[in-house]
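Everything quoted here is computed from the prediction, not taken from an experiment. Naming: A, B, ... by sequence-line order, numbering from 1 per chain.
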Amino acid sequence: MRYLPLTDTDRQEMLSVIGAETIDDLFIDVPAEARLSGTIAGLPDHASELAVERHMGALARKNLSAGEAPFFLGAGAYKHHVPASVDHLIQRGEFLTAYTPYQPEIAQGTLQVLFEFQTQVARLLGVDVANASMYDGSTACWEAIGMARRITKRGKALLSSGLHPHYVSVANTMAKFTGDALVHQAPTLDAATDIDALIASIDKDTSCVVVQYPDILGRIADLTPLAEAAHAAGALLVAVVTEPVALGAIKAPGHMGADIVVGEGQSIGVGLQFGGPYLGLFGCKQKYVRQMPGRLCGETVDAAGKRGFVLTLSTREQHIRREKATSNICTNSGLCALAFSIHMTLLGEKGLRELATLNHGLAVQAADRLAKVPGVTLLNDGFFNEFTLVLTKDAREVVRNLADKGVLAGVSLGRLFPDAPAIGNGLVVAVTETVTPEDIETLAAALEEELA
Amino acid sequence: MRYLPLTDTDRQEMLSVIGAETIDDLFIDVPAEARLSGTIAGLPDHASELAVERHMGALARKNLSAGEAPFFLGAGAYKHHVPASVDHLIQRGEFLTAYTPYQPEIAQGTLQVLFEFQTQVARLLGVDVANASMYDGSTACWEAIGMARRITKRGKALLSSGLHPHYVSVANTMAKFTGDALVHQAPTLDAATDIDALIASIDKDTSCVVVQYPDILGRIADLTPLAEAAHAAGALLVAVVTEPVALGAIKAPGHMGADIVVGEGQSIGVGLQFGGPYLGLFGCKQKYVRQMPGRLCGETVDAAGKRGFVLTLSTREQHIRREKATSNICTNSGLCALAFSIHMTLLGEKGLRELATLNHGLAVQAADRLAKVPGVTLLNDGFFNEFTLVLTKDAREVVRNLADKGVLAGVSLGRLFPDAPAIGNGLVVAVTETVTPEDIETLAAALEEELA
Amino acid sequence: LEEKLIFEIGSTDTTGVDFAEAPKVASRLGSLARTDSIGMPGLSEQETVRHYTRLSRQNYAIDLGLFPLGSCTMKHNPRLNEKVARMPGFADIHPLQPQSTVQGALAVIHELAAWLVTLTGMHSVAMSPKAGAHGELCGLLAIRAALEARGDARSVILVPESAHGTNPATAAFCGYKVEDIPATPDGRVDLEALKARLGPDVAAVMITNPNTCGLFERDMKTISDAVHAAGAFVYCDGANFNAIVGRVRPGDLGVDAMHINLHKTFSTPHGGGGPGSGPVVLSQALTPFAPLPFVEKQGDKFVLVEEETVEDHHAQTFGRMVAFHGQMGMFTRALTYILSHGADGLRQVASDAVLNANYILRSLDDVLDAPFGAAGPCMHEALFSDKGLAEGFTTLDIAKGLIDEGFHPMTMYFPLVVHGAMLVEPTETESKAALDQFIMALRSLAERAKAGDEALKGAPYHAPRRRLDETLAARKPVLTWSEPDLAVAAE
Amino acid sequence: LEEKLIFEIGSTDTTGVDFAEAPKVASRLGSLARTDSIGMPGLSEQETVRHYTRLSRQNYAIDLGLFPLGSCTMKHNPRLNEKVARMPGFADIHPLQPQSTVQGALAVIHELAAWLVTLTGMHSVAMSPKAGAHGELCGLLAIRAALEARGDARSVILVPESAHGTNPATAAFCGYKVEDIPATPDGRVDLEALKARLGPDVAAVMITNPNTCGLFERDMKTISDAVHAAGAFVYCDGANFNAIVGRVRPGDLGVDAMHINLHKTFSTPHGGGGPGSGPVVLSQALTPFAPLPFVEKQGDKFVLVEEETVEDHHAQTFGRMVAFHGQMGMFTRALTYILSHGADGLRQVASDAVLNANYILRSLDDVLDAPFGAAGPCMHEALFSDKGLAEGFTTLDIAKGLIDEGFHPMTMYFPLVVHGAMLVEPTETESKAALDQFIMALRSLAERAKAGDEALKGAPYHAPRRRLDETLAARKPVLTWSEPDLAVAAE
């Protein structure tokens, strides 16, 4: 078989070195009743590359890919154009097939990338330090809540109604273990965010306030008053960014006082991939660095005095601290971090700002156009590249019907918040640089027909 | 722009070092009337990667790719499955973006590959030596005729009627210059090849006999008598192989006495690509090596005594010999040779034989099945993976009509030999490992309907 | 040549990406426009390609040679997997697309899930965990939910000494009290000590099998039975499933939950530290508590069961672990790998992995101490200790010496139960020639370390860097780049 | 580490490819079955990936650094081009598919052809030549056909001394007699000598512009007029089109035929020696003689005109040059590059290419002799000579010294008109920082060669190999691997 290089002759020679008759003899420690004598029944045997590629290709073609349709989905995952050189570079065998850089002498490639990535992320989020990545935005968000608990020694977290409902679900799942009290309710169809309500809810038990920016409805607001209110009460502000491209156009949460900023980095370099692997971004103020979860790469020198990089502060980590670790995270999203870092390097500040400006410009055009469709109201005053439309009927049905016509119209609030029927007519629409004027017209026409 | 790194600041600094005011000043040697003052009219300006990818993608989708249809085309280009690792490896920047290995100290990667390639090709073709590749099979074929002229000092070449007609056309084009006399006629719809006729035609003016194996109608025959007859008359035998996979199943031309064996290597590693780039294979007997065209890589040692490889025997080549060179070829098909060599390494003898056996088995199944379609007669007694069907009407029309139904049925003899209406009912059908039993049934049914 | 940082070579005016001009519109950003310089350097495409190409060449990787990291299972990553994962129908679909438009993707999840369940002999599988450690979390969440469902709060998790560090970390992260179980002299869980500790406060035992000494836990079934009898659950760390896939089904050994690292057993690339993927197979007892979302086949349609669609039929779910549906990009690769091997090939995977490890064990146990070597064969990894090295020579010296021989070091100082442990896992994708070369190198290093060759203590000499000062890095952490202080530089 | 040959590590029993089982059928191979061992070694996929990955790392490439080979135009190869070329609609179509099924491919050829014609100001373009030298052949074939059509057989081609070696080789290959035209002291064609030689036996002049000294032929238009007046044609070697694209149209200078190396000006990758692609733009006079096949637009359909479809409307074609339609895989890449740059970007390409070359020329002309430097600016390449180096030091020493500095050497000993020529072409895709680093390296080498630093003569020291014995290779050619003679080995 193509991936197994041993020949039967090799196997015989090796068995004789070992002093065993057969390979089965090497499995003597397995209780006899658990040893399978042949291949597992009901499963096919090996297949040629051609056959496997055909099978998988047939399954792939049963999906409507984003590039094949007018496409307006966001809500935590965004379709952006990724330059071809990004994928080319992450496929270099030396990146793709390397392990976690535990042996720094022969892992400077990965390590320097991580150091550069940490710096890029810190600058983007407006914080002092960032780690070498987490699984995704939702788990990074939960890690931030746990970190705030460790720092403040308080157990109540206020979650904004504008926080992605799946992020809320993940936090709720984890809080069952830890006993954190999480305060949250579904959003209302209001042009303003719930920042004032959050400020009013902060009390002396509050470990942190968790706010998404832009929020799940695409709304944006200055986080400074919230940060001040939290700090005044001894709580932390955790900001969550699910669309990092936004930070090429709007203020960084760290610059508005957020103590911990987490995010989903998928937009830059990673691609949609049906939800994973994605890339958790995690940054914070310098003073909290030793409470941070996840891998960190730091600068040092080698025995010859040359600059080099190593994984560091690992006394926070599971493989050293075992049950006293700041997190159980081991594998992270190294290759996605590489993709993010390469894409960000290609963009640079100039490209990032142009990309953000283009996204915003197209989104404004689309919002204004769609708001003219009878039966459609634009909820947002402010937004970056995503906004909420209020329709005259349940948006879930509209989305499904439009999909049947080959238009991927956005994300319905009914799917995101099945328990909040009051907002079921809301449709969250994202507009990136991949949307064309024709796409916008197609969506407008389809909505008009659907709502007629 | 994304590929141009100079900023305007850079340009100004550099101009001041040069001592010029503007870049225009650097073009003063261009006659004023030929200097364009601005961009050329009527052409669009630069475009984003996204826009270009969309444009090219739209054009790509206007083609029916071989993988999307039951596919039976051959006649000099064959669809084979190429393992994914081949394309991965040839995209390594160190291979893809290197130049011809003129500086061997920093080109051992390319050079060792070429040395391995030469050995693989020589063994496959059954000859002593092979060069580092030519443009394609058709130009390699002409180069072989020229080489035979140089060796024999004779100017008449006999081209088999089974030689690919495009190869004949290329030779005819070139012969206008060189004055070689080329003897050729279109094939007849006969189960036997024209070897006996060729033997009868050899005379003392004959430089070489050029025979394709398997030939354009898929026929195969022992070349030994032809080699003997040629040698007896002081002529050379040139064998042409357009389907190298065949040599995993049938005797190598070099082992049947061919003096020069050329071929099209596209089948192994390269892919269809609408005809190019392809890969000319060129091998010959050791005694003729100094009359060989094209690059050669040879083994040597470096100043420290280590084994290494260099381009060698370059006194045959244009950059040294100018008008006395054996050929004007400079750039060859390096990257295609790499792809061929990698694919051949993955196959090895075991895989090559299995591939050939599978091709032959499927072709036999297909031939037998299609011969049962009313109105279809199988021409060939013997064949490898390609055979000729004689239909009850002009095959050109059949091919076009089946294409409209999404079946790519084969190559009509009318397209290949427009001047030979007598064979217009012939259809050349190739069957490789990529053909499924369903494909064969689809073709059979479509033929049956078309010929009813 | 040294490669500078992007911050040292790029500029905020340079870009490697072009965009169409943005429409002129009135901004909706209000007062939030970002006006400060972000300080993000850009490079042209060529400079970018060069920077990362050069950096990559400072890495070791499986594509360059044998990577014998014990317990990490660095096997070949087939390139077909990469090609399949990039098919637009998989790579370019949004997690919230209407289900009618992603039937192929749901089919992939369902098909992979069926393979995992069958190969492990378990009842169901939770596909969404993002990595092995995340899978451990999933298993403990399911166990906790099951215990709560029967009103049986328990607070202790038992973890053998030889466990992966993630096991106790995960248990603690979930708020459990962690207690160690000692190992026997032959490197296995002390069954009697375990039985003695079981009681009404014990929620689960987390056990690695094959264990981190590279040995199969012979008493696994007995342990499971005892744990079940005490009302607790058995969590199995499946990091070493590579050793037994196709030959042993954990379900036959009484396991209740086990994560499977797709990047170990099923060849998805490690990528310099992830992404991974850690589906968790579950016993019938734990199945009702599996997380959302999951895929079901209803008639000829695949249905994604999530909050909106869960209704009554999975009311006991412990909830959602991640924003979306797990590591789709890893699922496509793993399924491609599984289909390529098939049932016969996967069985051969385990056979050859174990054969290769035993070949290394027996080819070196005359020069290196193999603490459990006398007791019989190992599974997929060979364990050695530093016993017998010359005074002052350590496992670290041998590891760094391997770098100069052109290999990645083995896992060092793990498991903790062996002094100066060297854990060598060759995997099944290594040829005999590669093993022989590695054995020769390790033999020569062992001999040098026993002979006290001082030069070894300076290794590596032939790597992009000499030994790095990790203490300095931790004492004065420099975690981001900042412009050199010009005032300081001028001094 | 050295990498062995596949013949030394592989075996005929090993394979990296699996196939479905072949149907059991009666063979139709007759007596021709190949029964001998072919001797073709196989490797598993992992071994294959390692072998070629390791080998690749012994190469220098543009992806690793500046590649200043004069006249070779080693510019950045954008990765979008690679992606586009691999779209199944381009990569996976057969050259003989019915035209209705390849309309997109024909559209690509047509669109690229339109760009080439417009950018050069010519009348038409022959797309099928496989590389630059093949394009030269195409041009001469068209010229010969045109002369024959007017019954005017001519036998001589004039080639300036500074021409690429391919020019005389091509002319000779076509049966022409080649005569040299000398250069003037300022590195250009001697106009008077050329005029003096023109006569009824001269078929064409082959001229490179910008020429191989990196200079623009100021008299180009005068030359063309004189050649045309003598009844001959002007062939222009377009290898250096990179210097003038978007700024000068060869058609405005009286050129009749010019090949365009898509792998030079239009960035298709060199691939370690090809494939290239050499479309030839033609004047109105030569257009009727262009080769088959070609693409025409008829209404909204694209038509491939070949033997079957040519009928009367292109009866004077000189025929077919290649089996199929040329280098489609290069066309898609080149068109992608062209559309990415557009008219403004292509003009900037020439501007920056020339700026970069002049920057190098002026940054080094104080330490290296620039034979034509005093006369004014160069075009896209800077030419230096070995004048002033210490006794016994050569251009070769400087070239090999560059390797140790991390660069590929420049073109050496070409053009022949300058002693010890060093021809440096940076291209437009190099940043100022990269140029400055290169200038520093070359300056230091020039100083060492002038000072007579003996160490330089052993360079390179820091490359995969030291200087190789090319004489040995040519004297006793070993062109294929063969099993070591065991008898000899045993001695």
Would you please name every residue forming a ring pair (Phe, Tyr, Trp, His ring centres under 6.0 Å) with A:Tyr78, sequence neighbours left out?
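A:Tyr78 satisfies ring pair (Phe, Tyr, Trp, His ring centres under 6.0 Å) with no residue once adjacent residues are dropped.
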Please rank A:Ala47, A:Pro83, A:Ser48 by heavy-atom pairs under 4.5 Å with chain D and give me the top one.
A:Ser48
Can you confirm whether A:Phe340 sits close enough to A:Leu279 that some side-chain heavy atom of one is under 4.5 Å from a side-chain heavy atom of the other?
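In short, these two side chains touch, coming nearer than 4.5 Å.
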Less than 4.5 Å apart, any side-chain heavy atom of D:Glu111 and any of D:Leu335?
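Touching, per the 4.5 Å side-chain cut-off.
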If you apply the rule salt bridge (Lys or Arg N to Asp or Glu O under 4.0 Å), what do you find for A:Glu68 with A:Arg61, and how did you get there?
CA-CA 11 Å; A:Glu68 294 174 313; A:Arg61 279 190 298 276; over 6 Å; no
Approximate separation, where rounding is to 0.5 Å, of A:Phe117 CZ and A:Gln112 CD
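Between A:Phe117 CZ and A:Gln112 CD, I get 15.0 Å after rounding to 0.5 Å.
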CG on A:Leu347 to CD1 on A:Ile268, rounded to 0.5 Å
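Going from the CD1 atom of A:Ile268 to the CG atom of A:Leu347 covers 6.5 Å.
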Side chains of D:Glu430 and D:Asn356: do they bring a donor and an acceptor to under 3.5 Å?
no
Report yes or no: do A:Glu433 and A:His81 form a side-chain donor-acceptor pair below 3.5 Å?
no
Report the C-alpha distance between A:Glu438 and A:Thr436 in whole Å, list the side-chain angles of each, state the deciding distance to 0.1 Å, and finish with yes or no for side-chain hydrogen bond (donor to acceptor under 3.5 Å, both in side chains).
CA-CA 5 Å; A:Glu438 298 72 46; A:Thr436 65; 3.2 Å; yes
Under 4.5 Å, heavy atom to heavy atom, which residues of residues 1-16 of chain A contact chain D?
A:Met1, A:Arg2, A:Tyr3, A:Pro5, A:Thr7
Let me know if [X] has heavy atoms under 4.5 Å from chain A in its side chain, its backbone, both or neither.
X: D:Glu45; answer: both
X: D:Arg57; answer: side chain
X: D:Thr15; answer: backbone

May I have all residue pairs that pass salt bridge (Lys or Arg N to Asp or Glu O under 4.0 Å) and include part of residues 267-278 of chain A, sequence neighbours excluded?
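Those involving residues 267-278 of chain A do not exist here.
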Taking heavy atoms only and a threshold strictly under 4.5 Å, list by residue number the residues of residues 73-94 of chain D that touch chain A; give 'none' if the list is empty.
D:Arg79, D:Leu80, D:Lys83
Working note: A:Ser341 + A:Glu116, criterion side-chain hydrogen bond (donor to acceptor under 3.5 Å, both in side chains); need CA distance, chi angles, decisive distance, verdict.
CA-CA 7 Å; A:Ser341 195; A:Glu116 294 176 348; 4.9 Å; no
